[in-house]
Chemist: 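Before anything else, here's the structure in question.
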Protein chains: 2
Amino acid sequence: MSRKSAPKSVIKRLPVYLRILDNLIRRDVEIISSRVLSEETGFTAEQIRKDLAYFGAFGTRGTGYNTSYLRDKLLRIIGLDKQTRLVVIGAGHLGKALTRYNASKNPYVDIVGVFDANPEEVGTEIEGMKIQPIADMSDIIKAENVKVAMITVPAEVAQKVADNLISLGITAILNFAPTKLNVPGNVHVHNADLTIELQSLIYYAMEDEKQNLGGNNIPQKP
Amino acid sequence: MSRKSAPKSVIKRLPVYLRILDNLIRRDVEIISSRVLSEETGFTAEQIRKDLAYFGAFGTRGTGYNTSYLRDKLLRIIGLDKQTRLVVIGAGHLGKALTRYNASKNPYVDIVGVFDANPEEVGTEIEGMKIQPIADMSDIIKAENVKVAMITVPAEVAQKVADNLISLGITAILNFAPTKLNVPGNVHVHNADLTIELQSLIYYAMEDEKQNLGGNNIPQKP
DNA sequence: TGTTCTGTGTTAAAATATTAACAAGTATTT
DNA sequence: AAATACTTGTTAATATTTTAACACAGAACA
């Protein structure tokens, strides 16, 4: 019964498997082996099998995995089998990008509100949705019983926005503001910090550069 | 001399330290302990000290770290002491958000070109920079000797764009397209996949939901 | 100048995560 | 129907990462 709960690293890979399966199903592929999944995802076949094993046995030995069946299982595991309602706070370029992408390409979530403090943005449309004033946030979050929010406001106001959201019942925040949010223990925060990704990439790029430049550092034997 | 190279997980935290130090220096804080850094970053003090130790001994025992000194060291370590030139491919909302953020808030990088295939976008300005046609990409990358690129094009064309970039000498790619890029071994790719962050967040949020719903599962003593 | 206090840097232990190996099914072939 | 080929699920070994413990060095104070 009580299966050992899956590591965080595993949870981060599940959405990748899900996406590949979506693609395969669209291409009418019905069966897929862990080896081929490996090629598509970049993770090793062993890892994929082990990841799935945390949640059950979904494949057929000698054959592979049924794509539709495995997708359904993954949806259930991740919690996407029922649409997740969410709100976007901050309708700058990033907020708009996220709204547009999720509204058009992510069938598993339902954006029920996009909010911005800037009066000039309020009223304009994005993906058939009117951007609303922050003042209206409370009503919608309560009426729709929203639990998940994406924050794309400037860092200076992110904590205030988060506090507000939490008081309205939000328990999961995807934070794009480059700042640490202090939240109570029952609230989940994932930081999607684009600067971090860029700077750590630069680290590896520069590392190469140095090696190529540094010349012959090998000490000569006397 | 030959220090053991730092784990990936450490590299991902360095930009966070850097940001906090920037903030502290702006507030004229000159000395900081690992304990206070811990509060600001959310990482443990032990972890911070150990992370820094991979690169040297930058603090003073009994006192803490000099903020300016540590920032300079971190800049050197990450490779941000010299400005990194980079290009943005794809000028949709996400490309614009990244361009705007990095041009105005990230002093360590220099965006030398923003490119888009859509003729309607070409010529419009973002942060004082004209969006250029993909056709001009080659000239600028070569002229400026650019090594780093951010890709924010649709998934369908991401691989083609990446191949093109690599042929022009790009060796580091921050990929926002939700697809796996196949690249030669000397090219670094970091995937910044916003869907993955959102879906794994939903996993943890739904996990709670289930527990709260499930009712009293504790078996009664007879 | 010695004593105490504070906080770093280093070494050791514990916890996570990945990789490898293989036994156990399933399908296919002869 | 037996033998072969395949591919999963599970267990064991390895590697990585985090947490903990503490010796050591500088600062403050008596």
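First the proteins, then the strands, lettered A, B, ... as listed; each starts at 1.
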Chemist: Ignoring hydrogens and angles, tell me if any N or O in the side chain of A:T152 forms a donor-acceptor pair with the backbone of A:I89 under 3.5 Å.
Modeler: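 Yes.
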Chemist: Could you tell me how far apart B:L14 (CG) and D:dT17 (P) are, to the nearest whole angstrom?
Modeler: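 Distance check: B:L14 CG to D:dT17 P gives 13 Å.
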Chemist: What nucleotide among C:dT8, C:dT26, D:dG9 has an atom nearest to a side-chain atom of A:A57?
Modeler: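 The answer is D:dG9, which lies nearest to the side chain.
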Chemist: Nearest 0.5 Å, what's the CG-CG distance between B:L74 and B:D22?
Modeler: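 CG of B:D22 is found 9.5 Å from CG of B:L74.
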Chemist: In whole Å, what is the span from the CD1 atom of B:I32 to the P atom of C:dT8?
Modeler: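 B:I32 atom CD1 is separated from C:dT8 atom P by 10 Å.
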Chemist: Rounded off to whole Å, could you give me the CD1-to-C1' distance for the B:I11 and D:dT16 pair?
Modeler: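 Distance, rounded to whole Å: 14 Å.
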Chemist: Choosing from D:dT10, C:dA20, C:dT11, which nucleotide comes nearest the side chain of B:K50?
Modeler: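 The answer is C:dT11, which lies nearest to the side chain.
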Chemist: Among C:dA27, D:dG9, C:dG7, find the nucleotide with the atom closest to the side chain of B:S33.
Modeler: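 Taking heavy atoms from C-beta onward, the closest nucleotide is C:dG7.
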Chemist: CD1/A:I202 to CD/B:Q83 distance, rounded to the nearest 0.5 angstrom?
Modeler: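 Reported value, rounded in 0.5 Å steps: 10.0 Å.
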Chemist: Between C:dT8 atom P and B:R35 atom CZ, what is the distance in whole Å?
Modeler: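 About 9 Å, once rounded to whole Å.
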Chemist: Taking only the side-chain heavy atoms of B:E46 (C-beta and beyond), determine which of D:dA20, D:dG26, C:dA27 contains the nearest atom.
Modeler: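 Closest nucleotide among those given: D:dA20.
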Chemist: CZ of A:F43 versus C1' of C:dA17: gap in Å, rounded?
Modeler: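 In whole Å, C:dA17 C1' and A:F43 CZ are 13 Å from each other.
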Chemist: Starting from C1' on D:dT7, measure out to CG on A:L70 and report it in whole angstrom.
Modeler: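 About 14 Å, once rounded to whole Å.
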Chemist: What nucleotide among C:dT8, D:dT19, C:dT18 has an atom nearest to a side-chain atom of B:T44?
Modeler: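 Output: D:dT19.
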Chemist: OP1 or OP2 of D:dA25 less than 4.0 angstrom from a side-chain nitrogen or oxygen of B:T60, does that happen here?
Modeler: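 No, B:T60 has no side-chain N/O under 4.0 Å of OP1/OP2 on D:dA25.
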Chemist: Picking from C:dT18, D:dT18, C:dG9, which would you name as closest to the side chain of B:R61?
Modeler: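 Selected nucleotide (nearest to the side chain): C:dG9.
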Chemist: Return the nearest nucleotide to the side chain of B:R49; candidates are D:dT8, D:dA21, D:dA27.
Modeler: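 Nucleotide nearest to B:R49's side chain: D:dA21.
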Chemist: Under 3.5 Å, is there a donor-acceptor pair between the B:D163 and B:Q159 side chains?
Modeler: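 The criterion, which ignores hydrogens and geometry beyond distance, is satisfied for B:Q159 and B:D163.
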Chemist: Can you measure A:Q47 atom CD to D:dA13 atom P for me and round it to whole angstrom units?
Modeler: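 For the pair A:Q47 CD and D:dA13 P, the rounded distance is 20 Å.
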Chemist: In terms of ring plane angle, is the pair B:Y17 and B:F43 parallel, tilted or perpendicular, where the classes change at 30° and 60°?
Modeler: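 Geometry flag for B:F43 against B:Y17: perpendicular rings.
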Chemist: So, is A:Y54 near the phosphate of C:dT16, with a side-chain N or O under 4.0 Å from OP1 or OP2?
Modeler: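 No, outside the criterion.
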Chemist: For the pair made of CG in B:D51 and P in C:dT8, what is the distance, rounded to whole Å?
Modeler: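 These atoms are roughly 14 Å apart.
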Chemist: Starting the side chain at C-beta, find the nucleotide from C:dG9, C:dA27, C:dT18 nearest to A:R13.
Modeler: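 Of the options given, the side chain of A:R13 lies nearest C:dT18.
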